[in-house]
> 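Structure provided below as structure tokens; questions to follow.
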Amino acid sequence: MIPATFDYERAESVEQAVELLSADEDAKLLAGGHSLLPLMKLRLARPSKLVDIGRLVDLSYVREDGDRIAIGALTRHHDVHHSPVLDEHCALVSYTAGLIGDPQVRHMGTIGGSVAHGDPASDMPTVLLALDAEVVAQGPDGSRTIPASEFFTGLFETALHPSEVLTEIRVPKLAGAGWSYQKFHRRAQDWAIVGVAAVTRNGDAAVAFTNMGEKPLRASAVEQALGGGADPGSAAQLAAEGTNPPSDTFASAEYRQALAEVLVRRALEEARGRAGG
Ligand code: FAD
């Protein structure tokens with residue numbers, strides 16, 4: 001398929017990207033292009049202009065920042081996966097990046113693009129939700145920080161304004177907390193039929209879902225049950241509560257809800273094992 005015609009401009013800085021977006025409300029940022037270009041080829045997206053930020057190397061980094069790790073928006077999935085800083089302090093993120101697509105996707109796709117795209121089937125948004133991560137956006141009026149819990153607003157919708165550039169993602173250091181990401185898919189490089197992220201600390205747990213609704217979701221009923229002392233198996237029985245999964249050629253909604261229960265139990269058991277109890 002051939003996309004509709006569009007203009008193209010390469011931004012030399014975040015500020016210039018913001019200016020270009022502000023000047024044309026139908027312009028779109030191009031990062032790794034691995035979500036946007038397929039949509040354009042199907043004509044499900046028809047931006048008037050692509051503002052290419054793919055070569056803003058200043059936005060490609062992983063570094064410690066106090067009790068957090070700062071990840072530049074243009075950091076490729078491959079580099080997130082192989083980051084020693086993340087491996088040491090927040091291995092849930094580096095591990096999950098290694099499960100995204102295939103090597104080609106991981107060498108081109110960026111963490112910022114994955115998050116800004118707002119696809120409920122994406123893996124990293126779920127992980128960021130479970131981690132209570134923060135997203136930093138720069139727009140015409142300066143920079144703002146958005147909690148992950150407020151960032152994903154609907155199907156392919158986020159709290160980003162059309163003229164904002166996502167510049168950084170901040171995740172907490174896990175410091176002994178347990179973690180797990182369970183991705184259920186038919187072939188190694190496929191998207192998740194369902195995914196579950198879990199972070200456990202001192203009896204508390206944060207649990208979030210991939211592909212169980214219009215956006216990444218926290219498993220609130222599971223979390224409350226665990227907070228009240230339930231064991232992983234009993235808490236997992238509440239996994240379907242508050243979810244609205246899709247039915248498609250891979251699985252029905254009912255199958256996804258049954259699968260979610262199994263994956264939540266596995267995620268909690270693995271996370272608790274890693275935390276040492
Ligand atoms: P782009 O495609 O360039 O952009 C995506 C959207 O985000 C666009 O609307 C763009 O304007 C916007 N955007 C990009 N960067 C910014 C920014 N810094 N600030 C504001 N807006 C921005 N993902 C998974 O999670 N799991 C998978 O298993 C998986 N499998 C895949 C398999 C294939 C074959 C393909 C093609 C993709 C797959 N993906 C998967 C998606 C992949 O991770 C994409 O790379 C990612 O979703 C988008 O990142 P990108 O850098 O390519 O963004």
Side-chain angles (χ1 to χ4, degrees), residues 3 6 8-11 13-14 17-18 20-22 24-42 44-60 71-81 93 95-129 135-139 143-144 146 151-152 155-169 181 183-195 197 210-211 216 250:
F6 58 90
Y8 171 91
E9 200 150 345
R10 185 183 302 160
S13 64
V14 172
V18 170
L20 290 167
L21 289 176
S22 304
D24 181 347
E25 62 178 22
D26 292 325
K28 279 230 160 247
L29 292 176
L30 177 70
H34 268 51
S35 289
L36 181 55
L37 296 182
L39 285 182
M40 288 172 63
K41 287 181 179 174
L42 292 168
L44 293 172
R46 302 170 76 120
S48 54
K49 176 185 277 186
L50 289 184
V51 176
D52 189 351
I53 55 170
R55 296 185 200 196
L56 296 184
V57 287
D58 288 355
L59 286 189
S60 176
I71 309 171
L74 259 289
T75 313
R76 313 271 165 189
H77 303 311
H78 172 88
D79 297 325
V80 172
H81 178 47
V93 172
Y95 170 78
T96 303
L99 300 179
I100 295 174
D102 53 34
Q104 185 181 348
V105 171
R106 294 197 289 276
H107 275 95
M108 286 304 293
T110 65
I111 189 168
S114 183
V115 173
H117 193 50
D119 184 340
S122 289
D123 301 294
M124 199 54 79
T126 306
V127 162
L128 299 184
L129 193 61
V135 174
V136 181
Q138 189 170 324
S143 174
R144 66 184 178 120
I146 309 162
F151 186 79
F152 304 103
L155 189 64
F156 297 102
E157 283 177 9
T158 70
L160 278 179
H161 299 149
S163 53
E164 280 181 322
V165 178
L166 192 168
T167 54
E168 187 174 272
I169 288 151
Y181 185 66
K183 177 172 180 170
F184 189 89
H185 46 182
R186 294 204 302 196
R187 297 173 306 169
Q189 74 274 23
D190 279 349
W191 294 80
I193 292 176
V194 174
T210 302
N211 223 359
F250 296 107

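Below, each value reflects all heavy atoms present in this structure, side chains not excepted, and no hydrogens, waters or symmetry copies. Here, residue 1 is the first one in the sequence, and each next residue gets the next number. When a ligand or atom number is given, it counts from 1 through the structure's own listing order.
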> Within the structure, does L36 bring an N/O atom to less than 3.5 angstrom of an N/O atom in ligand 1?
yes
> If you count the non-hydrogen atoms of other residues, nucleotides and ligands that lie under 6.0 Å from CD in Q104, is the total more than 12?
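Count not over threshold, so no.
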> Between S114, G195, G101, G113, flag the one that comes closest to atom 29 (C) of ligand 1 by a heavy atom.
G101
> Need the ligand 1 atom indices (1-based, order shown) with element for anything under 4.0 Å from a heavy-atom of K183.
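Reading through ligand 1 atom by atom, the close ones are 26 (N), 27 (C), 28 (O).
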> As an exercise, identify every atom of ligand 1 less than 4.0 angstrom from a heavy atom of H77.
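Those qualifying, in numeric order: 42 (C), 43 (O), 45 (O).
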> Are D26 and D24 close enough that some pair of their side-chain heavy atoms sits under 4.5 Å apart?
yes
> I100 to ligand 1: N or O pair under 3.5 Å?
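No - when backbone and side-chain N and O of I100 are compared with those of ligand 1, no distance drops under 3.5 Å.
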> If you have a sec, work out which protein heavy atom is nearest atom 40 (C) of ligand 1 and how many Å separate them, to one decimal?
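Of every protein heavy atom, W191 CH2, 3.2 Å lies nearest to atom 40 (C) of ligand 1.
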> Does ligand 1 come near enough to G33 that some N or O of the ligand is less than 3.5 Å from an N or O of the residue?
yes
> Under the 3.5 angstrom rule, does the side chain of T110 hit a backbone N or O of G113 as a donor-acceptor pair?
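A pair under 3.5 Å: yes.
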> When you measure from the side chain of R106 to the backbone N and O of G101, does any donor-acceptor pair fall under 3.5 Å?
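Yes, R106 side chain to G101 backbone: donor-acceptor pair under 3.5 Å.
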> Distance to 0.1 Å, residue and atom name: give those for the protein heavy atom nearest to atom 20 (C) of ligand 1.
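Answer, as residue, atom name and distance: L29 CD1, 3.4 Å.
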> Strictly under 4.0 Å, does any heavy atom of D190 approach an atom of ligand 1?
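Contact present.
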> How far is atom 18 (N) of ligand 1 from the closest protein heavy atom, and which atom is that?
L166 O, 3.0 Å
> Can you name the residues that form a side chain to side chain donor-acceptor pair (under 3.5 Å) with D123, not counting sequence neighbours?
Y181, K183
> Using a strict 4.0 Å cut-off to heavy atoms of V105, name the atoms of ligand 1 that fall inside it.
32 (C), 33 (C), 34 (C), 35 (C), 37 (C), 38 (C), 42 (C)
> Is the shortest distance from a Lys or Arg side-chain nitrogen in D190 or R187 to a carboxylate oxygen in the other one below 4.0 Å?
yes
> Show me which atoms of ligand 1 lie under 4.0 Å from any heavy atom of L160.
20 (C)
> For atom 21 (N) of ligand 1, grab the closest protein heavy atom and report residue, atom and distance to one decimal in Å.
A116 CB, 3.3 Å
> Checking the N or O distance criterion of under 3.5 Å, is ligand 1 in contact with M108?
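No, M108 has no N/O under 3.5 Å of an N/O on ligand 1.
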> T167 and side-chain contact (heavy atoms from CB on, under 4.5 Å): which single residue from L59, V135, L74 fits?
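That would be L59.
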> Atom 5 (C) of ligand 1: which of H34, Q189, H107, H117 has the nearest heavy atom?
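Answer by nearest heavy atom: H117.
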> Can you pull out the closest protein heavy atom to atom 50 (P) of ligand 1? Residue, atom name and distance to 0.1 Å, please.
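Protein heavy atom with the smallest distance to atom 50 (P) of ligand 1: G32 N, 3.5 Å.
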> Given 3.5 Å as the limit, does a donor-acceptor pair link the side chain of R76 with the main chain of M108, or not?
yes
> What is the nearest protein non-hydrogen atom to atom 25 (O) of ligand 1, stated with its residue, atom name and distance?
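Of the protein heavy atoms, D123 N, 2.9 Å lies nearest.
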> Output the list of atoms in ligand 1 that are nearer than 4.0 Å to some heavy atom of V165, sorted by atom number.
19 (N)
> Check the surroundings of atom CZ in F250: do more than 12 heavy atoms from other residues, nucleotides or ligands lie under 6.0 Å from it?
no
> So, T75 side chain and I71 main chain: donor-acceptor pair closer than 3.5 Å or not?
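No; judged by distance alone, with no hydrogens or angles, the pair does not exist.
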> So, using side chain to side chain donor-acceptor pair (under 3.5 Å) as the criterion, who are the partners of D102 when residues are at least two apart?
none
> Considering both backbone and side-chain atoms of G112, is one of its nitrogen or oxygen atoms within less than 3.5 Å of a nitrogen or oxygen in ligand 1?
no
> Write out the residue and atom name of the closest protein heavy atom to atom 51 (O) of ligand 1, then the distance separating them to 0.1 Å.
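Minimum-distance protein heavy atom for atom 51 (O) of ligand 1 reads T110 OG1, 2.6 Å.
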> What about D102: any of its N or O atoms under 3.5 Å from an N or O on ligand 1?
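No - when backbone and side-chain N and O of D102 are compared with those of ligand 1, no distance drops under 3.5 Å.
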> Does the residue I53 have a heavy-atom contact with ligand 1, meaning some pair of atoms that are separated by less than 4.0 Å?
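For ligand 1, residue contact (heavy atoms, under 4.0 Å) with I53 is present.
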> Should the heavy atoms of other residues, nucleotides or ligands under 6.0 Å from CZ of R144 be counted, would the total exceed 12?
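Counting neighbours around CZ of R144, more than 12 heavy atoms of other residues, nucleotides or ligands fall under 6.0 Å, so yes.
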> Among L29, L56, V136, exactly one meets side-chain contact (heavy atoms from CB on, under 4.5 Å) together with V165. Which residue is that?
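The passing option is L29.
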> Can you report which non-hydrogen protein atom sits closest to atom 47 (O) of ligand 1, along with the distance?
S35 OG, 2.8 Å
> Give me the ring orientation class for H107 and H78: parallel if the planes are under 30° apart, tilted from 30 to 60°, perpendicular past 60°.
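Parallel: the ring planes of H107 and H78 meet at under 30°.
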